Structures are given as C-alpha cells and as structure tokens.
Amino acid sequence: MKYALLSIFIALCIATAIDHSTRSNVQSEVPILYWVTNISSARVKQVELFHEWIKERGYPEFEVRLDSTNSDASKKLIQGVSGVGADIISMVRDEAWLFHATGMLEDLRPLAKKHGFTLDQTWGVAAHSFMVGREQVGFPRSMSLQTYFLNVRLFEKYGVPLPSLRWTVGEFEKTAQAFVAAANQGRDPRDRIFFCDIVNVATLRRGMGRSVMNETMTRCTLDNPESIRVIKLIHKWTYEDRIIPTQADLDFFAGSDTNTSRIQLFIRDRYALLTGGRYSLVQLREHSELKMEVRMTPYESFPNTLLGTGSVGIYKNSKHKELAAYLLEFFTSETYNMSVVRTADAIPPIPSYSSTEEYLHPADHPLEWQIHQETSDLMAYAVAPEASPFILPTSFNRIESEYRLAALAGIYTPEEGMARAEDFVNREIEQTISADPQLRAKYDKLLKQQELIERLRAEGKKVPAHLITNPFYQRYYRERGWSTDT
Amino acid sequence: MRIKHPTFRRLVTGLSFLGPSIIGFMAFTMIPLVLSFILAFTNWDVRRHNMFRTEQIEFIGWDNFERMFSHPAFWQYLSNTLFFMLGIPVAIIGSLVAALLLTKELNGPSGLRRIHFIAMGVLMISLAVLLFTGFDFGNMLLLIVLLFAGILLAGLVGKATVYRTMFYAPHFTAGVATFLLWKKMYNPHTGPVNAALRPVVSTIQDVFQTLPPAIGPILGVLGVALGLTLMAFLFRRIGQAWTDGDLGRGALIGLSFISLLPAYLGWRWMEGSWLVILVLLGNLGLLLFFVVRRSLQPPFRQVAPSVGFANLVLPLTGGIVGQLIFIGLAMVAVQLPAMAATGEMAPPDWLANFYWAKPAIMIMAFWAAVGSNNMILYIAGITNIPQELYEASEIDGANAWQKFWNVTWPQLAPVTFFIVVMSVIHGLQGGFEMARAMTQGGPAGATTTLSYFVFIEGFESGRLGYASAVVWALFAMVMFVTLLNFKFGNRHVND
C-alpha cells in the first residue's frame, strides 16, 4: 500500500511539474502584467491597440493580460493587502479611496510627471476618483454621466410632449403620469410599460440640495427632510403612480437589474427612459438605431448629474511599475481616446476629444448626434460621488440601501429608516476613527472645520472653499454663492 | 545509519503515513483556529495592518465583543439565524418521513403494484386539479406526465434504490447551482412556483369574493384552534410525563416557559392583534389545565430537576413551529376577504419581499434537508431496528402508528440526537451561501445571517479582528447549545 501511495505522490508531482512548465504564462519571453478589470469586447480591443501602440513608439516590449475573475472589490482588496495583487488595478466608484487607505496603491506623481498622465490632462471634476489628498493613485480610463436616454418614438406614439433637457421633480412626475396613463390603457398589467427603469436616489437627493454626508465628510446626514422626501417620492412613484417598476416587476424581466437586460427592455419599449451613461450606446448600437435624446435626473432646486469614473492604479508590490505606467500614458493618447470615441465605450478621459467632430457627430450614427451634444452640455452639471475617508463606500452603500429598502417595504417609516441608517453609519465612522490614531487626528481637524463652516453659515458669512471636502457641497456652495476662494 | 529497532521503524512508517494529514490539519485547521482566537482580541483591520503600512496590531481585550453585543445589527442577524433554525424540526420530520417511505419493502409484487397505483392516483388527481383551476396545460401537462411516468418506470426497474438516489440528489448537487435554480423558480412572474400558485390564488380570490366577509375571522379562529389543538397534545404529554415521574421540576418549568414562545413572538410580530390574544389566552389555559393542575399533585416518583427536558423539548419545538405556522395562516385567512375584494390577489414576490424572503429560503432549505445525510442516517437507523420488536408489537395488537411511536421512534433516539446536534450546529453556522447567491443578505437585511455578517465584516469592511470575534461568539453559541444537548439530550438516548 505504501508503495502505491508513494507512486501516486510521485506521479502527481511529475504532472504538476509538466503542467507548470507548459503553461504559456511562464513561457512568455516578455514580462507579463496582469490588469484586473471587468472584461468586455471594447477592453480586449483596447489592449490590442495598446500592444500595437507600444511597438509603434518603440517602448519596452511587454504583455498586458486581462484578469476579470478577480475584479470583485473584496478580491482586489484581500489579494492586494496579501501581496499578490495584480500589477494594474481598475477602480470604480470610490475604490481608489479604499485601496489607498490600505497603502496598496503606488503614489504615481513621479511616474505621472514622467509619462504625462497628470491631473491637468483630464477632467477636473474626476479628480476625486484618483486623487487622495495630494497623492495621485490612478488615472481615468473612462468617464460617464448618469443620465436618462429617452425613446423619442415612444413619446410620439403615446402623444406625450417631450420634456426639456433639465426638468424639475414636478415636471418629471406630471410627464410620467401622463405617459403611463396613455401607454397602459387597456394593456395587461403584466405587460406594463414603465416611464423609466430607475430613479437615481443620490442625484434626486442632491437635486434637493442635500448630500448624504456633511461638508467635511465627518458625519452622515441621512436623517433630514430631503432624504425622507426622496423615499416618499420613490414609494409614490413605485407603488401609487407605477411609473417605475417594483422589485417584482424587475424580477419579471428575469435578471433585468443588470445593465444588459435593462437595455434589452428599453429596446423592446418597456421603458420610455433608460438610466445609463455613454457606455450604454455600445449595446444600443448592436440592436437597433433608436431615435433618442438625453435627459437629466429630475431636481427640485439644484440641477446636477452624477459623474462615474473608471480609473486605473498601479499596485505597489508590482515588479513592473515602470511598465504599467505606459498603460496609463496610453490613456492620454489619441489612439486610446479616439478608440473610446468610436466604440462609445465612455466619455474619453482627455476632454479635448469630446469636442471632436467624430465624437459629436459620428458618421455611422446620425440619430445619436443630439445625444452627444446634450451629454456634453450636461457635463457642466457633473458632480463626483461622495467618498468619506472615515467609512468604506461599500459599507455605506450597504447600510443606506438596507434601510432605504426597509423603509420602502414599510418595515420602518421613512423617518425611522433614515434615522437608523444615519445612526448606523455614524457608529461605523466612530469605530473606524477610534481604532486609528492617524485618522482620528484628521477627523478631529475636520470636525473643527465643520464647526467653523456651521458658525460661518449661521452668521450668514461666506465659507472658504478649501474648508469643504464634500464634492457635492463644494459645488453647491459655489453655485449658491456661499463659498469664497479666499 | 540503518535503523534496526523494529518499534522505531514502525513509528517512522506510521508517522510518514500520518504526516501529510497532521501537517494539513495543523496548517489549515489548528493554526488558523488558534490565530483566529487571538485575532478576536485584536484590532486587526486590513486597511491599516498589512504589508504596506507600519501600524502594529494591538490587543484590545474584549472591545470587539463589547462592540458586537452593543450593535443592533448583530442582534438582527442573530435573530435572522435563529428564525431560519425554526425550520430544523420540520426538516428532521421530513427526513424521517422520507426515510420511512424509502425503507418500505418494494419487492413484493402486490405491494409494489399498490404503491404505484397510489402514486398514479395522486398524479391523476393532481393533474385534474391543475386542469380544473385553469392551469395552462399544454407543455406543462406533458412535462409532468413524462416526469412522473419516468420516475415510476425507474422505480419499477431499480426499486427503492432509485428513489433513495433521487431523494439524495439535492445533497450531491452543487449548492450555488441549486440556489440559482431556486431563484429562477421563485421568480414571481416567470417561475414555476408562482405559475402553479397563480390559478390557486385566483380560485381562492373568486371563492372569497362570493363568500361573506365573516368567513375570514371564522377561518382565523379555526387556524388558531388547530394550533391550540397541537399545543394541547403537547401540554398533555408534558403533564403526563410529570405524573409518571419522567419529568423533573426544573424541566417542567423550562418547558412551560418555552411553550409560551409562540404567543410572545406573535405579540411582537403582529402587534397584539386579537388572534394573538386568543393564542395567548388559549396557551395559558391549556398550560393551566394540562400542566399546572397536574404539577400540583405529587408525581409517581421523584426525579432530578432536569430529567426529561430533552425528551420533550424537540416535540415541543416542533409543536411551536407548527403553531406559528397556524398563527400565520390564521392571520392570512383573516385578511383574505379584504384582499380578495381588491381583485389584485397574487402569489408572493418571494425573494424580494421582506416578509417572504426568509420563508422562501426556509422552503428551499427544507427541500435540501429532506434528502440529506439525515435521511441516510435515518434509513441506516431504521434498517438496524431488530425485527423481533415489531413482531412482538404485532402480537400485542399494535397498529401502524403505535408501532412507529413505541418501537421505531424510541429506537431511533440515538440517530435523532445526533441529527439534532448536527442540525443545530449547521443552523447556527449556515445561511452564507444562500444569502450570497440568492439575496445578497437582503431585502433590507432580512436574510443576513451571522455567517454572512462575518463575511461582510471580514472581507467587505476588512475588520478581521472584529469578524474573528463574531466567529468566536458564534462558536460559543454552538458550544453552549451542544453542551446543553449532551447534558440533557443524550439521557433518553442512553436509557
């Protein structure tokens, strides 16, 4: 028996050695860099272009490979802090702040200067997604604005006048009620046509002049009349007016909460308005040439749009940081930006390419011309998401959505739900800062700033802009004339 | 140097065989276990304590535990976990019933024919019901007929082995795959669950629209009465056990308190509706009549205070679950006329509704548990029961139920004890895969269990120290319940 076991053990060792030596990963003659990101046909194409680009420019030869299996935030985090992260890391939403807090991202300032991917190259409003304090931890590869795509034909079919580019909550509600009444007359409830797929809660709240965090991002401020009103509005629109689908309606569409399914349903006339960014055009183009226009999320007093930024950072433990910097340099190149323009994958990271003729008036897609112009116009209202250094965005989002959904389901009243959510988030913040003396010092400093802001506001004086760290309030105060640059 | 001593050589040989296992155990179980215990008392946060930062991990004593016990989320998730565990008695009964069915003789031609005739009859009745209630019959009819015909045919050829394999199938099917399958099945509009329920709900709506509104409260009272009947049966057993000297005073008091649980839970969940008041008063009355009245009389013999607790706690828990189900059905029945009047009665939105998400997952867990290892254990246990006992009971004139209650069930006590212990352990630890694959812990935290909470804290928030503390608190609970089981539960087993 022992000889049999020994034989099996030896056989397994040999098989492992053969497998290891025959893998293409270890056989490559050039360095291989792994880029952990979501995979798409556009991304694959961009990598191909990158390889051609480095050859053309005579840069050192190396290979970038896409790794989509580890693109989940928690995997990136755990692998990163364990020393086995990918060389190049895609970051969405507020992940740059999370990864920076762990120290796993390279401070790119020297490399950015050398390769020319500095902050002044890209959209200033996107800075929040890759600049943490004074450190640069990434560079944008794509931008998107959360807007509505409007199906013009459907409005014409049901005789509802087209709303204007910017619209108030009241105008939105009135138009939506008229639309669903006209579109669903005599229709089976299961085939209901909705006005829009979702309403972005953050944008709606901001449209009422309120952020989820205070001016210095030190405290959560969900327990306020605006957040409560947002829940009541969503509840009314979902269950009374039936202008947006319930969870049951979404389930009916079999996995329609994913972007692809929502687009499919939009194409099949189940929504008059589709939430999305320019990236949605990639799929919309594949299926149909719809006559579309763009609309802003409705607002009450402060028109705004939510800016999404996909940025890319370099892992601190990578052996190929210098090589990885070439990819970030590539994002500033004409080759890359024009590829983004042509595929409609996103708004290009370098602003000048979004005013090119090819961007605004793509020859093969004349029905889109108005969309691109309107999106460019709405860029003026773009605000980055809030990212507090004192609570993880994933934790914040989980808590906020948990209590919001509970309030929508009637488990709590909106007032109770928001009070509980605020308390929960503030507990998390307290926990984070109590365990970290460095962060505590930063927090205390910001708390003093917050007190100063509140005192100045109470006295009716202008607030120095540098005291405000919340990107929404930075803009809100400026627009309202409440802040001063001095 | 050549080793000559035979004992030493044997030792080396033995160790070389055991070595890989010992190394594996130490590396992947023992050392992580010890480390996680140490971590529970530290502030390890991957955001601050990792290879890129210089901060030192600090011992913070009981801070993690203090924070955990003072956090409302912990109690909510613990309550979710315990709620899911209410399904354990039902699942055990399901496994037992499956095992009893699967150990029936299928070899005799007449017995075999009878069983298949019954199965065919059930099939035909089911199809008739579906047809009557307006079920869309084309493809579904063909599907069902073929499915059942296939099963019956397989049973004819392969006998009980085929059915045992089929029942055990959920256990060796990949978990995530089955969870996704159930997710599809629960789809409120396209899933087969609601497709089957829709005509039933529609018929109920039609029927209730024609009935007077008073029918709701009448059915509600009926539901409560059924629940009370169930409890009466259990209270009677408890009282009888006291009289017979099979129950200690401590056990009697403990069981009496536990029996009031449905009324308490009903009060909390249903905000003191008149039905719950009825349940509360009914349970109290039954308790007074069957238990307190008897406990005032001296028992047949004096026993230690804790004796008999374990014998009755499992049936009592099953009864409590049963009564809760009846209370729930009664509540629904009361509201049925009003719901029918709206004309919008529909099957539930299973996984997206806060109130239905937990029952939906429990139903799925029940399906998985019926054909699990528990069933295999029960089959083994039933096979080992000496036939002489059945023969003796037959000579005494026992009917099928009496044979089960007085022979099979007591003989299965060791198996049941093992299953209860393991189910409780799995119940406390479980829920992660289902929550992750089906609901992401939602809606509104309704399906977040402690194990999912550990994942959130450890891998989403990066607080490994705190997550370890939750894990060890969970371990303490498992240990405590297991010790209770061993302290009280195995007495009956060893009798």
Side-chain angles (χ1 to χ4, degrees), chain A residues 1-2 5-6 9 72-75 77-78 80-83 98-105 189-190 246-255 316-317 391-392 394-395 398-399 401-412 417 420 423-424 427-428 430-432 434-439, chain B residues 13 16-17 20 42-55 58 60 63-64 67 70-73 76 180 183-184 186-191 194 344 346-355 357 440-446 448 455-466:
Chain A
M1 177 61 87
K2 60 189 172 188
L5 285 172
L6 191 64
F9 179 68
D72 181 70
S74 56
K75 284 187 183 175
L77 174 69
I78 297 300
V81 296
S82 310
L98 165 62
F99 299 153
H100 172 266
T102 66
M104 63 185 257
L105 292 178
R190 281 183 292 167
T246 61
Q247 190 58 47
D249 298 315
L250 286 171
D251 289 341
F252 167 59
F253 301 134
K316 197 174 240 174
N317 212 29
I391 181 165
L392 291 173
T394 43
S395 301
R398 181 173 45 77
I399 296 164
S401 70
E402 196 168 288
Y403 283 96
R404 176 163 42 82
L405 291 174
L408 283 171
I411 299 153
Y412 304 121
R420 281 170 185 258
D423 177 56
F424 201 153
R427 273 170 184 262
E428 286 284 312
E430 194 57 43
Q431 167 69 16
T432 307
S434 65
D436 190 341
Q438 277 181 21
L439 209 57
Chain B
T13 310
S16 62
F17 275 99
T42 69
N43 63 348
W44 188 14
D45 182 332
V46 292
R47 287 170 293 173
R48 296 191 298 119
H49 308 109
N50 60 57
M51 59 185 290
F52 302 109
R53 293 187 56 166
T54 53
E55 285 98 324
E58 290 168 14
I60 54 169
D63 282 7
N64 283 332
R67 181 185 163 228
S70 63
H71 205 299
Q76 186 197 345
L180 293 177
K183 198 176 173 181
K184 291 280 174 203
Y186 276 136
N187 187 303
H189 293 278
T190 57
N194 277 11
E344 290 181 358
D349 183 4
W350 292 95
L351 294 172
N353 182 300
F354 182 86
Y355 298 104
Q440 295 284 308
T448 303
F455 171 79
I456 290 170
E457 284 298 332
F459 300 103
E460 192 182 287
S461 304
R463 294 188 192 115
L464 292 180
Y466 181 59

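For the numbers below, each heavy atom of this structure counts, side chains included, while hydrogens, waters and symmetry mates do not. As the structure is a prediction and not an experimental result, all values here were calculated from the model. Naming: A, B, ... by sequence-line order, numbering from 1 per chain.
Interface residue A:L5: only side-chain heavy atoms are found under 4.5 Å from chain B. Looking at A:S401, there are no atoms closer than 4.5 Å to chain B (heavy atoms on both sides), in backbone or side chain. Heavy atoms of A:R420 lying under 4.5 Å from chain B are absent altogether. Only the side chain of B:F17 comes within less than 4.5 Å of a heavy atom of chain A; its backbone N, CA, C and O stay farther away. Looking at A:Q431, the atoms closer than 4.5 Å to chain B (heavy atoms on both sides) all sit in the side chain, from C-beta outward. For a residue to count as touching a neighbouring chain, one of its non-hydrogen atoms must lie under 4.5 Å from one of that chain's; by this rule A:K75 does not touch chain B. Heavy atoms closer than 4.5 Å to chain A are found nowhere in B:H49, neither backbone nor side chain. Contact annotation for B:Y355: only side-chain heavy atoms (C-beta onward) come within less than 4.5 Å of a heavy atom of chain A. Using a 4.5 Å cut-off between heavy atoms, B:I456 touches chain A through its side chain atoms alone. The contact between A:F424 and chain B is made entirely by side chain atoms (from C-beta outward), counting heavy-atom distances below 4.5 Å. Residue B:E58 does not touch chain A at all, counting heavy-atom pairs closer than 4.5 Å.
If you tally non-hydrogen atom pairs under 4.5 Å between each of B:W350, B:F459, B:F354 and chain A, the highest count goes to B:F354. Interface summary for chain A: among B:R53, B:R48, B:M51, the most heavy-atom pairs under 4.5 angstrom belong to B:R48. Of the listed residues (A:D423, A:T432, A:L439, A:N317), the greatest number of heavy-atom pairs within a distance under 4.5 Å of chain B belongs to A:N317. Each of A:S74, A:G80, A:A101 has some count of heavy-atom pairs under 4.5 Å with chain B, and the biggest count is that of A:A101. The candidate with the highest count of non-hydrogen atom pairs below 4.5 Å against chain B, out of A:L405, A:I411, A:L77, A:I78, is A:I411.
With B:N50 contributing its side chain and A:T102 its backbone, the two residues share a donor-acceptor pair below 3.5 Å. Under the 3.5 Å distance criterion, the side-chain polar atoms of B:N194 are matched with a main-chain donor or acceptor of B:P348.
The closest side-chain heavy-atom distance from A:I399 to A:Y403 is below 4.5 Å.
A:D72 CG to B:E460 CD: the interatomic distance, rounded to the nearest 0.5 Å, is 9.5 Å.
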